[in-house]
Amino acid sequence: MRRIPASSCVLPAFLCLVALAAPASAKDTAASEYLFHDAHFHLTNYVQQGTDIHKYLEIMGDKIGRSTLFGIPLQQTWSYENSGDFAPTYYLQSDAPLYYYSFTDAYIANAYLKLRPEQQRRLDPMITGFNPADMYGVDHVRRVLETYPGVFTGIGEFTIHKEFVSAKVAGDVASLTDPALDRILEFAGEVGLVVILHNDIDMPFAKAGAEPVFLTQMKDLLRRHPKTTIIWAHLGLGRVVHPVQGQATTGTAERAPRHGEIVEAMLTDPSLDHVYFDISWDEVAKYAVSSPEVAERTARMLNRYPDRILFGTDNVAPPDQATQLRVFNIWDPIWAQLTPEASHKIRIGNYERIFDAARLRVRAWEKANLK
Ligand SMILES: [Zn+2]
């Protein structure tokens, strides 16, 4: 049954109670159940253009219940010297640098503040416009909370290592060992902000059988912040940062399930209890359904650890609902293999648990710490 907050019921009070208490028929339930909440969604693109917020609520419609809301903090420079009249909108379309465009947070907050309260309740805005290689980065996060109290639920998606992107960012190169990053994660833990972190587990085109280069640093970083709720985006994968393979079995298509083992080892490690994974991005979906064997293995993992995994689209500025649902549908072969409980948690339940808790904590911190 779709959630109707009692406070938003427009009927006389006693009728509201009746409506809320009435059990939905099986048909109603099926018709009104949302497909998912979107734990990973970009309203704007690499040049700060995107979907109008009202249009996005229309796109969510009766299919997507709730959604995170963030832009992309990295702005692609349009360098006339580099691409002339061609205006790049994606980081692969230009050799010119990316830079941190902090105004994205004001843009997201202002869009959110234009909405009615019942529309706002469906969204969880996130702060992204800080430089994680700057010791002052954390001050930006605090300043955004001070400027827009009552708006934000978390920080991210922000990026440390990402194929083709990290090297293009103007200024210092981000690092998992940078104390500037520790300050940000520490502060997020103190406030209760959910963190969505993109960090490729490995370098592009890594050799099969080798230890993923950023895995140890990533685990060390996560362990340094046990009080911070951190979602590792895309299971640590990228477009060319493929699922880690076991020792190469040359000439066969069979891949040792090493990436799954790495993720499982983290999910069973008590020192990483505060860590979650999102399975967003169509690139990740493509790996997951690349063969019936891989799909089955992925489904088995999701069924085993349903409390720690969230679905998200990673869509950027979608024009319509069909586009917004495409990534969800790629997962169909896997949805079909999940238990109803696991499926519900990954699509809906975990989002509500994690983001509702964060909302409460952040609002309480704001009340206690902001004048
Ligand atoms: Zn993303």
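As the structure lists them, so they are numbered: ligands from 1, and atoms in each ligand from 1. Small disclaimer: the values here were computed from a predicted structure and weren't measured.
- Checked against the Zn ion (ligand 1), the N, O or S atom of Asp314 at the shortest distance is OD1.
- By the neighbour-count criterion of 12 heavy atoms within 6.0 Å, atom CD of Glu186 is sparsely surrounded, having that number or fewer from other residues, nucleotides or ligands.
- Angle NE2 (His42) to the Zn ion (ligand 1) to OE1 (Glu157): 90°, rounded to 10°.
- A donor-acceptor pair under 3.5 Å links the side-chain atoms of Thr51 to the main chain of Pro318, judged by distance alone.
- In this structure, a donor-acceptor pair under 3.5 Å is present between the side chains of Asp182 and His225.
- Within His40, the N, O or S atom lying nearest to the Zn ion (ligand 1) carries the name NE2.
- Every side chain to side chain donor-acceptor pair (under 3.5 Å) that Asp105 has, sequence neighbours left out, goes to His140.
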